[in-house]
Amino acid sequence: MPYYAQVKDILKDAIRSGKWNAADQLPSEAELCEMFDVSRTVIRQALQDLMHDGLITRQRGKGSFVATPKIN
């Protein structure tokens, strides 16, 4: 399994378990690189996938935030 997919699964589990609530800011890319001991490219791919799945939002210059759950 690629590193980015492993990182994505770990972050997804943390969000769903309540470690981070809606609108909480995730650690920076640099902090995530250190946390998982992977390159910034891996972190960016994982965050991009989470954003595509609707779990996080990204704001240029501010960081990544847990998205507010959508009501169906």
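The structure presented is a predicted model; accordingly, all values stated were derived computationally and were not measured.
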Heavy-atom pair of closest approach, residues [X] and [Y]:
X   : Y   : result
R44 : E29 : NE-OE1, 3.0 Å
V66 : N21 : CB-O, 3.3 Å
A67 : A22 : O-CB, 4.0 Å

**Prompt:** Looking at residues at least two apart in the chain, or sitting in another chain, which of them share a side chain to side chain contact (heavy atoms under 4.5 Å, CB included) with P2?
**Reply:** Y4, A5
Look up atom [atom1] in [X] and atom [atom2] in [Y], then write down how far apart they are to the nearest 0.5 Å.
X   : Y   : atom1 : atom2 : value
L50 : I56 : CG    : CD1   : 5.0 Å
I43 : L26 : CD1   : CG    : 10.5 Å
R58 : F65 : CZ    : CZ    : 11.5 Å
L11 : W20 : CG    : CH2   : 5.0 Å
R40 : L32 : CZ    : CG    : 9.5 Å

**Item:** Q25 atom CD, neighbour heavy-atom count above 12 within 6.0 Å
**Value:** yes
**Prompt:** In this structure, are over 12 heavy atoms from other groups packed under 6.0 Å from D13 atom CG?
**Reply:** yes
**Request:** With sequence neighbours excluded, tell me which residues meet side chain to side chain donor-acceptor pair (under 3.5 Å) with Q48.
**Result:** none
Below 4.5 Å, heavy atoms only, C-beta onward: do [X] and [Y] meet side chain to side chain?
X   : Y   : answer
K19 : D24 : no
M35 : P27 : yes
V42 : F36 : no

**Donor-acceptor under 3.5 Å (E31 side chain, S28 main chain)** = yes
**Request:** Could you tell me which residues satisfy salt bridge (Lys or Arg N to Asp or Glu O under 4.0 Å) with D53, sequence neighbours excluded, listed by chain and number?
**Result:** K8, K12
